[in-house]
Amino acid sequence: MRSVRGSRRGVGALPWWPDAEPECRGVLSVLYAAGWPVAAHFAPRSRTVLSWWFPAYDRACARYSPGLLLLMRMLQAAAADGIETVDLRSGPARYKESLKTRDLRKYEGAVGRPVPGQAAHWPGREPARAARRFVRRRPRLAGAAARALEELGRLRGH
C-alpha cells in the first residue's frame, strides 16, 4: 500500500449537507500519472460554489506537487462548469495564499438541544477549536505544528 497524505478533519456536518441546497452534490476528482492515481479530492458543490474539502495525494509523488496539479485542473474544469466561487477553506497554506482572490469572513458554531449530554459535549470540543485558532493566528507556531504533525505521520507510517 502506498502512503497517502490527506486531510486531518472529519466530515462533521455531512448528514445535513445534501438537504442544504437542492443542487448540492459531491464531486470526486482524481489525477492519474501513468495509469496510477497520484492525487484525489472529494468536494461538495452547488450550482456556483465548489468547496476544497478532502484532498489526498501519493506521498511518493510529493516532489511533483500532485495535489496542486489536481487543484489547478479542478479550477479549470470548475470555471468551465459555471462555478463562480471556489472555497479553499480556512487555514494558512502557501498555495491558498497564492491562488485566492479575496478573503471571506466565516463563522463557526454549534447548536444543541438543552439536554445534559449537550453540556458534556462542549468541554470536549471547544478547547480543541480554541487551540487551533490560537495556532493558526501565529504563522511560526503554525509552521512548527505542521512540521511536527508531518513527522508524527511519517513515524506512524502514514
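Taking the six-membered ring for Trp and thresholds of 30 and 60 degrees, Trp52 and Tyr95 have ring planes more than 60 degrees apart, a perpendicular arrangement.
Note that the CG atom of Asp81 and the OG1 atom of Thr48 stand 11.0 Å from one another [nearest 0.5 Å]. Here the straight-line distance linking atom OG of Ser46 with atom CD1 of Ile83 works out to 6.0 Å at 0.5 Å rounding. Atom SG of Cys61 is separated from atom CG of Leu31 by 9.0 Å, given to the nearest 0.5 angstrom. Rounding to the nearest 0.5 angstrom, the gap separating the OG atom in Ser29 from the CG atom in Leu71 is 10.0 Å.
When all heavy atoms are compared, the tightest approach of Ser51 to Arg89 is OG-CD, 3.6 Å. For the pair Ala39 and Pro66, the tightest heavy-atom approach, listed with the atom from each and the gap, is CB-O, 3.5 Å. In terms of heavy atoms, Tyr57 sits closest to Ala62 at CE1-CB, 3.8 Å. Of all heavy-atom pairs between Ala43 and His41, the closest is CB-CE1, 3.2 Å.
Placement of Tyr64 and Trp36 in two distinct hydrophobic clusters is found when ILVMFWY residues are connected by side-chain heavy-atom separations under 4.5 Å, directly or transitively. Residues Val135 and Leu152 fall into different hydrophobic clusters, defined by Ile, Leu, Val, Met, Phe, Trp and Tyr side chains chained together at heavy-atom separations under 4.5 Å.
Side-chain contact between Val38 and Leu69 is absent, with no heavy atoms from C-beta onward closer than 4.5 Å. Side-chain contact between Arg147 and Glu151: absent, with no pair of heavy atoms (C-beta onward) separated by less than 4.5 Å. For the pair Val27 and Met74, the minimum side-chain heavy-atom distance is 4.5 Å or more. The shortest distance between side-chain heavy atoms of Phe134 and Leu141 falls below 4.5 Å. A 4.5 Å side-chain heavy-atom check between Met72 and Leu99 finds at least one atom pair inside the cut-off.
In this structure, Arg73 contributes its side chain and Leu75 its backbone to no donor-acceptor pair below 3.5 Å. Side-chain atoms of Asp58 come within 3.5 Å of backbone atoms of Ala60 as a donor-acceptor pair (strictly under, hydrogens ignored).
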